[in-house]
Amino acid sequence: MAERRSGAAEGLARLSEWADSHLSLLRTTKFTSALDIPVEFVTKNVKLRGKLHRVTEKGLEVEHIPISIPVITSIQRKWQSEGLLLVRLAGVEVAPSGLAWLQRELKPKQTIWFQLLGREDTALECLVLLNKGRFLSVCLNEEILREGLGRAARIEGLQHDSHLYWKLHKRLLGAELKALKKNKGIWKEESYSERIRDRISNNKFVQTMKQFVSWLRRSA
């Protein structure tokens, strides 16, 4: 019986190693459509590198930059198609002023990193990271909220009762609260008490907070 269990465990370990090695190989593949990205990349929240082409109302149009391995890359270039990925800022409802800010601050061909959180049709829900020096990076999702250029929203693609969901959502709500306190962006026209009351009266906000409290109780 012990030998059977040992054999099954060994088989499972080999299967896991095979899957990991193939995922590593796929990292050298250039993805030109959200549908080309393996489900495992999304569920494992893999971080990819890309080159920005343009900012639109639908999201960021990004050219994926795969890991380069000279021999493999030269072969792949012969059959790879062209195409851009549509990357959205997960957990953020971007205001028109936020869209203008992104178009002003982000430059064409600028390198960005995007961590996969979910996929909806042909769009990717991501945390988008921008390098600001050798050891510093900025999360655009949080930066938009910190500047008062959007509202925190549900993070599509993640299980809403998962630890990762609430960890990220807490960060986004914290960034939004900083803008609320400082009267920044879309919050500057109302008093602080009016803004808080407005947010509490929003059904989505109340629902989110109830889910958060429920998650905290289960985690205790």
Side-chain angles (χ1 to χ4, degrees), residues 27-37 41-42 45-68 73 80-158 164 167-188:
R27 282 177 177 270
T28 67
T29 301
K30 183 177 182 179
F31 301 124
T32 57
S33 166
L35 300 177
D36 294 338
I37 299 176
F41 273 46
V42 180
N45 307 126
V46 170
K47 189 185 296 182
L48 301 175
R49 186 166 60 117
K51 181 167 61 177
L52 179 72
H53 277 243
R54 63 186 67 88
V55 179
T56 73
E57 292 182 356
K58 294 182 179 180
L60 311 180
E61 293 185 358
V62 178
E63 178 185 352
H64 174 225
I65 302 175
I67 294 174
S68 179
T73 302
Q80 282 178 339
S81 60
E82 295 297 321
L84 301 176
L85 302 175
L86 180 60
V87 174
R88 294 200 294 230
L89 301 182
V92 180
E93 182 184 322
V94 180
S97 56
L99 176 61
W101 183 87
L102 287 170
Q103 290 173 333
R104 186 172 62 251
E105 294 294 320
L106 300 181
K107 309 302 180 187
K109 298 188 178 180
Q110 187 168 1
T111 299
I112 64 172
W113 290 86
F114 50 104
Q115 184 175 6
L116 305 172
L117 299 181
R119 176 170 53 195
E120 185 177 359
D121 297 327
T122 58
L124 299 168
E125 300 288 338
C126 304
L127 283 183
V128 180
L129 305 172
L130 191 66
N131 287 335
K132 289 284 188 180
R134 188 174 180 182
F135 302 106
L136 180 64
S137 64
V138 173
C139 175
L140 286 181
N141 308 57
E142 291 181 78
E143 193 67 14
I144 282 285
L145 296 174
R146 249 192 312 266
E147 295 297 323
L149 301 174
R151 297 172 182 264
R154 289 161 65 96
I155 303 174
E156 302 299 339
L158 289 179
L164 178 59
K167 178 183 177 181
L168 296 177
H169 198 58
K170 182 180 177 182
R171 280 172 50 186
L172 297 178
L173 287 174
E176 182 183 66
L177 187 58
K178 289 180 180 178
L180 275 163
K181 289 180 177 179
K182 294 180 179 179
N183 298 344
K184 299 185 76 171
I186 62 176
W187 310 112
K188 68 172 61 174

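What you are looking at is a predicted structure, and each value in this text was computed from that prediction instead of being measured.
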TODO: Please confirm whether the backbone N or O of Ala152 pairs with a side-chain atom of Glu176, one donor and one acceptor, at under 3.5 Å?
DONE: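 Here the side-chain-to-backbone pair exists.
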Open item on the list: I'd like to know if the side chain of Lys107 and the backbone of Arg104 have a donor-acceptor N/O pair within less than 3.5 Å.
Closed with: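 Answer holds: yes.
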Starting at [atom1] of [X], measure out to [atom2] of [Y] and round the result to the nearest 0.5 Å.
| X | Y | atom1 | atom2 | answer |
| --- | --- | --- | --- | --- |
| Leu99 | Thr56 | CG | OG1 | 7.5 Å |
| Ser97 | Ile144 | OG | CD1 | 8.0 Å |
| Asn131 | Gln110 | CG | CD | 9.5 Å |
| Lys167 | Ile155 | NZ | CD1 | 11.5 Å |
| Leu116 | Ile37 | CG | CD1 | 5.5 Å |
| Glu61 | Leu86 | CD | CG | 6.5 Å |

Would you indicate whether the side-chain heavy atoms of [Y] and [X] approach each other to under 4.5 Å?
| X | Y | value |
| --- | --- | --- |
| Leu124 | Leu48 | no |
| Leu60 | Leu106 | yes |
| Leu130 | Glu143 | no |
| Leu85 | Asp36 | no |

Nearest heavy-atom neighbours spanning [X] and [Y]:
| X | Y | result |
| --- | --- | --- |
| Ala90 | Leu117 | CB-CD1, 3.8 Å |
| Leu172 | Glu142 | CD2-CG, 3.9 Å |
| Pro66 | Arg49 | O-NH2, 4.2 Å |
| Ala34 | Arg119 | O-NH1, 2.7 Å |
| Arg146 | Ala179 | O-CB, 3.5 Å |
| Phe114 | Gly50 | CE2-N, 3.8 Å |

Task: Carboxylate-amine/guanidinium proximity below 4.0 Å for Glu120 and Arg88 - done: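 Looking at Arg88 together with Glu120, the answer is yes, because their closest N to O distance falls below 4.0 Å.
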TODO: Before accepting this row, confirm whether a basic side-chain N of the pair Glu63/Lys109 lies closer than 4.0 Å to the acidic partner's carboxylate O.
DONE: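 Between Lys109 and Glu63 there is no salt bridge, as every charged N stays at least 4.0 Å from the carboxylate O atoms.
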TODO: Report the residue from Leu84, Ile112, Thr111, Val128 that forms a side chain to side chain contact (heavy atoms under 4.5 Å, CB included) with Val62.
DONE: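 In the set Leu84, Ile112, Thr111, Val128, the residue that makes a side chain to side chain contact (heavy atoms under 4.5 Å, CB included) with Val62 is Ile112.
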Open item on the list: Please evaluate residues Leu102 and Leu149 with respect to the criterion side-chain contact (heavy atoms from CB on, under 4.5 Å), reporting the C-alpha separation (whole Å), side-chain torsions for both, the decisive distance (0.1 Å), and the verdict.
Closed with: CA-CA 10 Å; Leu102 287 170; Leu149 301 174; over 6 Å; no
TODO: Measure up the Phe31 and His64 rings against each other and bin them: parallel (under 30°), tilted (30 to 60°), perpendicular (over 60°).
DONE: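 Answer is parallel, since the angle falls under 30°.
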- [ ] Could you point out which residue of Lys178, Lys182, Lys184 forms a salt bridge (Lys or Arg N to Asp or Glu O under 4.0 Å) with Glu147?
- [x]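 Exactly one option meets the salt bridge (Lys or Arg N to Asp or Glu O under 4.0 Å) with Glu147, and it is Lys184.
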TODO: Step by step, work out the side-chain contact (heavy atoms from CB on, under 4.5 Å) result for Val92 and Leu140.
DONE: CA-CA 10 Å; Val92 180; Leu140 286 181; over 6 Å; no
Task: Working for side-chain contact (heavy atoms from CB on, under 4.5 Å), residues Leu129 and Lys47 - done: CA-CA 10 Å; Leu129 305 172; Lys47 189 185 296 182; 3.8 Å; yes
